[in-house]
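Working notes, beginning with the structure itself.
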Amino acid sequence: MLIITLPDNSKKSYKKPVTSFQIANDISTKLASEAFVSYVNGELWDLARLIETDSIVSILTKKNEEILKIIRHDAAHIMAEAVLELYPDTQVTIGPAIENGFYYDFYREKSFLMNDIELIEKRMHEIVDRDEKIEREVWTRNEALDFFKKNNEIFKVELVNAIPEEETVTFYRQGNFVDLCRGPHAPSTKKLGHSFKLTKLAGSYWRGDSNNPVLQRIYGTAFLNDKDLNNYLVMIEEAEKRDHRKIGKQLDFFHLQEEATGSVFWHQKGWVIYLEIEAYMRRKLNISQYSEVKTPQVIDRSLWEKSGHWEKFKEHMFMAKGDDDKTLALKPMNCPGHVQIYKQGLKSYKDLPIRMAEFGSCHRNEPSGALHGIMRVRQFTQDDAHIFCMDSQITSECVQFCELLQEIYKDFGFNDLRVKFSDRPATRAGDDQTWDKAESALLVAIKAANLDYTLNPGEGAFYGPKLEFVLTDAIGRDWQCGTLQVDFVLPSRLGASYIDQDGQKQQPVMLHRAILGSLERWIGILIEQHSGRMPLWLAPVQVVLCSIVDSTNNYIYSIQKELNKVGIRNEIDLRNEKIGYKIREHSNKAIPIIVVIGKKEEEKSNVAVRYLGSNNQEILGMNQFIEGLVKKCLPPDLK
RNA sequence: GCUGGGGUAGCUCAGGGGUAGAGCAAUUCAUUGGUAAUGAAUAGGUCGGAGGUUCAAUUCCUCUCCUCAGCACCA
């Protein structure tokens, strides 16, 4: 006797082992036809898998969110089947469902081209229509090994080899395609339906290691119906319009060109944003008792050798030849320079903590494939600082930093940031006790700032653990912005010390920290966040004054004079164009406030104000308008 | 760096072995108008760069640079 408990707590009893499909069928034939998989005691199972003990079972249909993952995984298998049918010289490797879709990595001498993708997609639709049964099989590990060896599938052999000898593995068979897979899957290829699309073709590496063979990855996405699929595709299209590279060009913020690959040409409008942000950060750092410094751009090789950068980072450093055949390097980081300033003169424990800040312009020779607009560049400016402190000050400094960071992110409108915590790696400097202290300081800081985090186990730097503060771009890619790293190593390598209460020489700890990360990346993220419609305090042009007829030009000049006096960034548009044309053009240029001035306004010393994104207009007295505007344009920390 | 796309007017893009195309922008003229495109005319190009094949290359081939997507990288 076998008792099956259903979600509504009703029970069914069976004399023999039963499948979820039978159970569904006993409830209603409709449910059986709509079922994809089931939960059996909280685990996802195939419908055809035999349940042999008393169990809690629920049947999943399209209404359950989990199904999306299942059909995307189905889609990956169906794609692999299609690829093997069309290109039998291919080896399959792995193919998971991922956020928003799925991919499969293939190994094949010849590259897939874009037309291949179309053929594969077509074949997938055929396989769906074939309604092939998808069946689960349990094999011993050695059977699996023999099978893959016989077929010369070296990648699968490697996967199976990693499995302990006594264990069994599961296979899924559909048509002539068999794949090693944990499952579960829907009962038939037909269940996928036709709401899928292959999206991208890209290279990847076996097991994510660039020393391994290159694989070809085909990405796709699948949904439960065409409407969801189309919504998704439209959403991606919309998101692409927020791309900072596109907007940067449209709004005349910056440009990039071949002769300076990976370095930004800031135009006047973009540079205004940059300067406003820098000024804001200076105010915040002053209040937080940082002192700002500036260190050399080009430094002799010997210092980089002492700091360890030469050994670990040489390939990424730009070199310059000096006199006497000296090798110089453009600084990729600011820390060694800051230690040199720290080392000038003896430091006492009473001097600590020392918080040394720099808007440090760094050069790194990033691999060409890593470059991305102004988000990943070869020359960038960090809002960098190093806090030299005693062990006993680490925690409070970390807490203060996280609070400051959060305050600043809020001012820029980022309320939900994500934190990654990278703890001790296998090979590291410093003893476990010191690591304990540093890791717990970071954790205390996260908690004090009321932040959630995800753990990156073993991903810390060899010199200490770190926090990474991550923001997301328009199409969902993660970018590390802020960071906080505890460093036990550099101070000793570069000989930084202080005298403690007992007159003994001690080594300070160094906290590397940045809040925005790089000004370039930060502005890129901001542009995408706002689709180019920057908040008033950052808008390159805050107001544009538009005429309707040219008889009011003198009145407009007089308003402009007043705006200039109070530091409102403005433009005037006296062109011989219709007002509708001007409104449209300035709206497209994302200018936050358009002021229209005609004869009516001039007569009473008024202005007609129109805010971006609104069709309303507000008639205000000129003085009243300017007074209000000055307040609105204040940076968030001065409001 | 790796795999696959792409580079044509200021911008967005079409084309394709035989004098290079559109829309928008620009310039000129007319229009002085009331809240997201007034009309007409004109001008605009080493078809990313270097080699090669050809009577002829922007088009085909080779190399190279840049760029896009993903992978790897981001100390």
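So that the names make sense, note that chain A is the first sequence line, chain B the second, and so on, each numbered from 1.
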Item to complete: Please determine if a side-chain N or O atom of Ser111(A) lies less than 4.0 Å away from the OP1 or OP2 oxygen of U3(B).
Response: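 So the side chain of Ser111(A) is outside the cut-off, no N or O lying under 4.0 Å from OP1 or OP2 of U3(B).
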Practice prompt. Determine: side-chain N/O of Ser210(A) to OP1/OP2 of G1(B), distance under 4.0 Å, yes or no.
Written response: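 Answer is no, no contact under 4.0 Å.
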Practice prompt. Test the Arg428(A)-Phe488(A) pair against the cation-pi criterion, namely NZ or CZ under 6.0 angstrom from the six-membered ring centroid and within 45° of the ring axis.
Written response: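 Here Arg428(A) fails the 6.0 Å and 45° test against Phe488(A).
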Discussion item. Less than 6.0 angstrom from the centroid, inside 45 degrees of the normal: does Lys200(A) satisfy that with respect to the ring of Tyr219(A)?
Written reply: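 Judged by the rule (NZ or CZ under 6.0 Å from the ring centre, within 45° of its axis), Lys200(A) counts as positioned above Tyr219(A).
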Does [X] have its ring centroid less than 6.0 Å away from the ring centroid of [Y]?
| X | Y | result |
| --- | --- | --- |
| Tyr104(A) | Phe102(A) | no |
| Phe112(A) | Tyr87(A) | yes |
| Phe265(A) | Phe254(A) | no |

Item to complete: List the protein contact pattern of nucleotides 38-43 of chain B with one symbol per nucleotide (5' to 3'): B for base contact, S for sugar-phosphate-only contact, - for none; contact means a heavy-atom distance under 4.0 Å.
Response: B-----
From [atom1] of [X] over to [atom2] of [N], roughly how many Å is that when rounded to an integer?
| X | N | atom1 | atom2 | answer |
| --- | --- | --- | --- | --- |
| His309(A) | C74(B) | NE2 | P | 14 Å |
| Gln480(A) | C74(B) | CD | C1' | 8 Å |
| Ile556(A) | U32(B) | CD1 | P | 18 Å |
| Met114(A) | A69(B) | CE | P | 14 Å |
| Tyr103(A) | A69(B) | OH | C1' | 15 Å |
| Ile597(A) | U32(B) | CD1 | C1' | 16 Å |

Residue [X], side-chain atoms from C-beta onward, closest of [options]:
| X | options | value |
| --- | --- | --- |
| Leu371(A) | G34(B), U32(B), U67(B) | U67(B) |
| Lys249(A) | G34(B), C11(B), G4(B) | C11(B) |
| Tyr205(A) | A72(B), A69(B), A36(B) | A72(B) |
| Ile579(A) | U32(B), A69(B), G34(B) | G34(B) |
| Arg575(A) | A36(B), U35(B), A26(B) | A26(B) |
| Asn588(A) | C65(B), C71(B), A36(B) | A36(B) |
| Ala202(A) | G1(B), G70(B), G34(B) | G70(B) |
| Ala370(A) | G70(B), C71(B), C73(B) | C73(B) |
| Glu258(A) | C65(B), U32(B), G34(B) | C65(B) |

Item to complete: Could you pick out which residue, Arg245(A) or Glu468(A), lies toward the 5' side of RNA chain B when each is mapped onto its nearest nucleotide?
Response: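 Nearer the 5' end of the strand: Arg245(A).
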Worksheet item: Taking for each residue the nucleotide of RNA chain B bearing the nearest heavy atom, is the 5' side occupied by Ser614(A) or by Arg376(A)?
Response: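 Result of the comparison: Ser614(A).
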Worksheet item: Counting N and O atoms only, with roles assigned by atom type, does the side chain of His73(A) sit under 3.5 Å from a partner on the main chain of Lys69(A), one being a donor and the other an acceptor?
Response: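 Looks like no, no N/O pair under 3.5 Å.
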What interatomic distance, in whole Å, is found between [atom1] of [M] and the corresponding atom of [N]?
| N | M | atom1 | result |
| --- | --- | --- | --- |
| U58(B) | G18(B) | C1' | 12 Å |
| A26(B) | G5(B) | C1' | 32 Å |
| G15(B) | U28(B) | P | 34 Å |

Worksheet item: Does any donor-acceptor pair link the side chain of Gln617(A) with the base of U35(B) at a separation under 3.5 Å?
Response: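 Side chain to base: pair found, below 3.5 Å.
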Discussion item. Quiz question: going by heavy-atom distance under 3.5 Å, is there a donor-acceptor pair between the base of G1(B) and the side chain of Glu366(A)?
Written reply: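 In this structure, the two groups form no donor-acceptor pair.
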Item to complete: Check every strand shown and say whether Arg610(A) touches a base, only sugar-phosphate, or nothing at a heavy-atom separation below 4.0 Å.
Response: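 Result for Arg610(A) = base.
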Worksheet item: Of the non-hydrogen atoms in Arg513(A) and Asp384(A), which two are nearest, and what is the gap between them?
Response: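 That closest heavy-atom pairing would be O-OD1, 3.4 Å.
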Worksheet item: Taking the six-membered ring for Trp, are His386(A) and His338(A) parallel (under 30°), tilted (30 to 60°) or perpendicular (over 60°)?
Response: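 The arrangement is perpendicular - the two ring planes meet at more than 60°.
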Worksheet item: What is the distance from atom OG of Ser111(A) to atom CD of Gln216(A), rounded to the nearest 0.5 Å?
Response: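 Between Ser111(A) OG and Gln216(A) CD, I get 4.5 Å after rounding to 0.5 Å.
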